[in-house]
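Chain identifiers are assigned alphabetically (A, B, ...) following the order of the sequence lines, protein sequences preceding nucleic acid strands; residue numbering begins at 1 within each chain.
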Amino acid sequence: MTALAEVVLRAVVVLAGTALATFALLWHAPGDPAAAIAVARFDSVVSEEVVAQIRAEAGLDAGFWPAFGHWITPILAGDLGNSSVSGRPIWPELRDAIALTVPLALAGLAIGVAVSVPLAIFATRRPGGWLDRGAVAVASLGAAMPAYWLGLLLILLFAVHLGWLPAMGARTPAHMILPALTLGLGVAASLTRILRSGLREARGQPFLPALARRGVPPGRIGRDHVAPHAAIPVVTVLGLELAFLLEGAVIVEVIFARPGLGSFLVQAITARDFPKIQAVVILTALLFVTVNLLIDLTYRLIDPRTRDRDA
Amino acid sequence: MSVVRGGRRVLDSVDLALAPGRTLAVIGESGAGKSTLIGAILGLLRPQSGRVAWNGEDLRATNPSLVMQEPRAAFNPALSLRRSVMEPVKARRLRLPEGRLDRLCTGLELDPDLLDRRPHEVSIGQAQRLGILRALITKAPLVLFDEPLSALDAVTQKHTANLIAALQSEEGFAALVVTHDLGYAAAHADEVVILRDGRIEEAASAETFFRAPQTDYGCALCEAALALGALERAA
Amino acid sequence: MRSVVILTVILGLLAVFGPALAPHDPNAIDIPNRLAPPGDPYPLGTDAMGRCVLSRLLHGASWSLGLAFLVSVIGLIAGSVIGLVAAMGGRLVDWVVMRATDSFLAFPDLVAAVVIAGVLGAGTGSLVFALTVTGWMRYARVARGIGLSLGSRGHVTQARLAGLSPAAIAQWHYLPALAPSLIVVWTGMFARAILGISALGFLGFGVQPPTPEWGTMLLDARVHMRSTPLLMIWPGLAIVVTVLAINLTGDALRDSLAPQERPA
């Protein structure tokens, strides 16, 4: 129970740290944030009075810590505020963006799993065989291949040359194929690498030959002894894959002009719409801390050795 | 002195005294609190209660030194043995009396050329004598020995024990030896303390203890050692 | 494996001497010859402003690799110091430092770099800052992990007893043991920095035009994908080959340093 409390306390501290870092970044951003807000909101030269009013509204003239308090209070209450450019509430717009990104991320993850799991399983059946070497090559190449270039190459091939698929926008389900493929191939590369080394280690456990000699069928050895062992790195990597998916989504959505979370963030940064930026940052941090919390707890469930690791 | 570690009272009201030039053997099984005792005496751990003093001042001010159980691990594999041996001198910017290093090398039967090697390039026995050299170089008034002989073979053990004894009479340091080797204690210690589960089970002069142990545990230890022939070897 | 190391050395030399080998000024505009195919005066053709693609790639090599080197070395130093402070500073310091590290890790680093570079305003300075701030945690974790296991080593205890200062203990007793692992981490982070720099360049938050940098070259090339697809092949190829070579060198390093990494 104390271990659980420790894990939750960590998550809270990490969230607080992220919030503080975000605010510190906005606080130190070049230029007067109040003036930036004023210009963005009124779209013209504004008087010094208006700027001062905005500064007071946002608590910006009171120093770092009071301003931080002023800033964090509505966020803690679940209010992400209004866009400093349009003045409209952020949440509905953000929700629409998320609704476009989540299916893309899931499709990418599905493609990645569909490619990497069979590849890794068959590759480790015969270590050093051509399939194994192929898996290593795919993983190495994938790790070096930037998503933005892969995406452009896919557009070049399937949209420009062959004309099979649409490249830009998000109007039809077909619009999701190329972005999902771009994301999925990247996921496949990193998943293959980790699954392969995890499975190799699991297959190399010292007691497996003894089981085989005793006549335990290979299928049962795989299910009961190899799979649980290989599951541990997979759980860890899911957290990393989530990071990868989100990073990938930012890039992929820009390439394919898909108005999801990534495009939302890039547009917010370009427009210097600070409330929008911080909304994305805080939601992302919340998502990651939650996922890491779940991973930590899952660990404790599947690997008894780690249960009192931190005690 | 008491020490609590990980919620467990590892050392409980342990009280020891030692005079210059004398040898105190602390004897106990694994888990009796011997390592904790060493850490607390050297100030590496903070006791919950009690203090460690030498002539009325904090012992740490006298820079006590330690000879460790694993001779090679006590030396940094990345540095030459000379650098490691001279570390206590360099770190405190001390000036070494002319010829002290050579004299100690002679006393420990060490070829000074060994100092230019790395830890993995000398034998275990040599490494342990180099460890003793480092512990003695700054003329620490109290030298702690943590199972100093257990990593060595029987012949080297006896030889090293004799070298330590000879150097002790020459240099006059007090030696606190933590060991489970009763034979060594019988041969070289002036006083004996039996440590069991973090408490002092029995404390006596070596002569008294080995003639007539007062506690059942002390008797059991002596009998076990007799059965192994350790005490005869020492005699 | 040897061919990979040779390739990496060649790439390193190109980063240093590439600009000197460039046949043209990378920013010299030649509008009549814009979007020219590979040919006589321009071995790899020209871009939309008639600039020599090969010259821009070679100059881009020193930008990409030079900035990535800077970013990864600052991260290496900062991360190692932070990790060692956590390992040597006792339980409370360790807890605080590691929670701070977790806060930075709680975020996908490229997204964080985009936010930081974007908010601070485009430019090389904020690019370096953004990638460094998001790139030190792995070093810190490795340094702290190995550092904690070193704390109970005999020679570290002896150094403390000898009265060595914590800084000297870190320098002489921790760093030699940490170096192999940190170097392996560094190669990985160097490759990541190259990807990060070009990604930020591609998004428009990195090195600013007209400076030749591989990511911004891709961004420029994208517009002309239909007419001149080769234009976006070159910088992409440069990035992939470089990152692949560095990653494979890192793997080789890890394999050869692995025996030392295992605790005795």
Side-chain angles (χ1 to χ4, degrees), chain A residues 9-11 13-22 25-26 28-31 136 140-141 143-150 152-153 155-156 159-161 167 240 242-251 254-255 262 265-266 268-270 272 274 277-278 280-281 284-289 292, chain C residues 95-96 98-123 126 130 133 188 191-192 194-196 198-199 201-205 214-215 218-219 221-222 225-226 229 232-233 235-248 251:
Chain A
L9 175 65
R10 275 188 197 183
V13 169
V14 166
L15 272 181
T18 312
L20 192 59
T22 309
L25 176 70
L26 299 178
H28 289 290
V136 173
S140 310
L141 195 62
M145 176 78 84
Y148 39 90
W149 197 46
L150 181 61
L152 291 181
L153 290 180
I155 294 176
L156 192 62
V160 176
H161 252 283
L240 296 174
L242 185 68
F244 185 90
L245 283 169
L246 204 79
E247 279 181 9
V250 172
I251 303 264
V254 170
I255 303 173
L265 177 64
V266 171
I269 294 172
T270 313
R272 305 191 71 70
F274 287 167
I277 299 172
Q278 73 207 19
V280 176
V281 169
T284 311
L286 198 61
L287 175 69
F288 275 79
V289 168
N292 282 321
Chain C
W95 200 90
V96 172
M98 288 330 285
R99 293 301 79 76
T101 310
D102 286 350
S103 303
F104 280 89
L105 280 173
F107 222 80
D109 43 6
L110 186 61
V111 178
V114 167
V115 170
I116 295 171
V119 168
L120 291 182
S126 38
V133 164
R192 276 192 76 91
I194 293 175
L195 288 173
S198 52
F202 181 78
L203 293 173
F205 300 128
W214 295 341
L218 264 181
L219 179 62
R222 190 183 153 203
M225 192 160 65
R226 279 166 200 279
M232 56 153 265
I233 298 293
L237 209 56
I239 296 168
V240 171
V241 169
T242 310
V243 173
L244 194 60
I246 294 169
N247 277 343
L248 292 178
D251 289 350

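With rounding to the nearest 0.5 Å, the separation of CG in L203(C) from CD1 in I251(A) is 4.5 Å. Atom CZ of F205(C) and atom CD1 of I269(A) lie 4.5 Å apart (nearest 0.5 Å). Between the CG atom of L219(C) and the OH atom of Y148(A) there is a distance of 11.0 Å, given to the nearest 0.5 Å.
When heavy atoms are compared at a cutoff of 4.5 Å, I246(C) does not approach chain A at all. With a threshold of 4.5 angstrom between heavy atoms, L287(A) does not approach chain C through any atom at all. Residue A100(C) does not touch chain A at all, counting heavy-atom pairs closer than 4.5 Å. With a 4.5 angstrom heavy-atom cutoff, I233(C) touches chain A via backbone and side-chain atoms both. When heavy atoms are compared at a cutoff of 4.5 Å, S126(C) does not approach chain A at all. Contacts of L265(A) with chain C are made by side-chain atoms alone, with heavy-atom separations under 4.5 Å and no backbone atom involved. No part of L245(A) comes within reach of chain C, as not one of its non-hydrogen atoms sits under 4.5 angstrom from that chain.
Top candidate by heavy-atom pairs under 4.5 Å with chain C, chosen from V250(A), V280(A), V254(A), is V254(A). Contact count versus chain A (heavy atoms, under 4.5 Å) is highest, among A112(C), G204(C), A117(C), A199(C), for A199(C). The candidate from L110(C), V119(C), V111(C), V243(C) with the greatest count of non-hydrogen atom pairs under 4.5 Å with chain A is V119(C). Each of L152(A), T18(A), L156(A) has some count of heavy-atom pairs under 4.5 Å with chain C, and the biggest count is that of L152(A). Counting heavy-atom pairs closer than 4.5 Å to chain C, the top-ranked of the candidates L15(A), V281(A), L246(A), I277(A) is V281(A).
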Go through the steps for E247(A) and V114(C) under the test side chain to side chain contact (heavy atoms under 4.5 Å, CB included), then give the verdict.
-> CA-CA 10 Å; E247(A) 279 181 9; V114(C) 167; over 6 Å; no
Could you please spell out the steps behind the side chain to side chain contact (heavy atoms under 4.5 Å, CB included) verdict for S140(A) and L248(C)?
-> CA-CA 8 Å; S140(A) 310; L248(C) 292 178; 4.2 Å; yes
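A donor-acceptor distance shorter than 3.5 angstrom exists from the side chain of W149(A) to the backbone of M232(C), with no hydrogens or angles considered. Here the side chain of R222(C) pairs a donor or acceptor atom with the backbone of I255(A) at under 3.5 angstrom.
Across all non-hydrogen atoms, the minimal contact from L195(C) to A143(A) is CD1-O, 3.7 Å.
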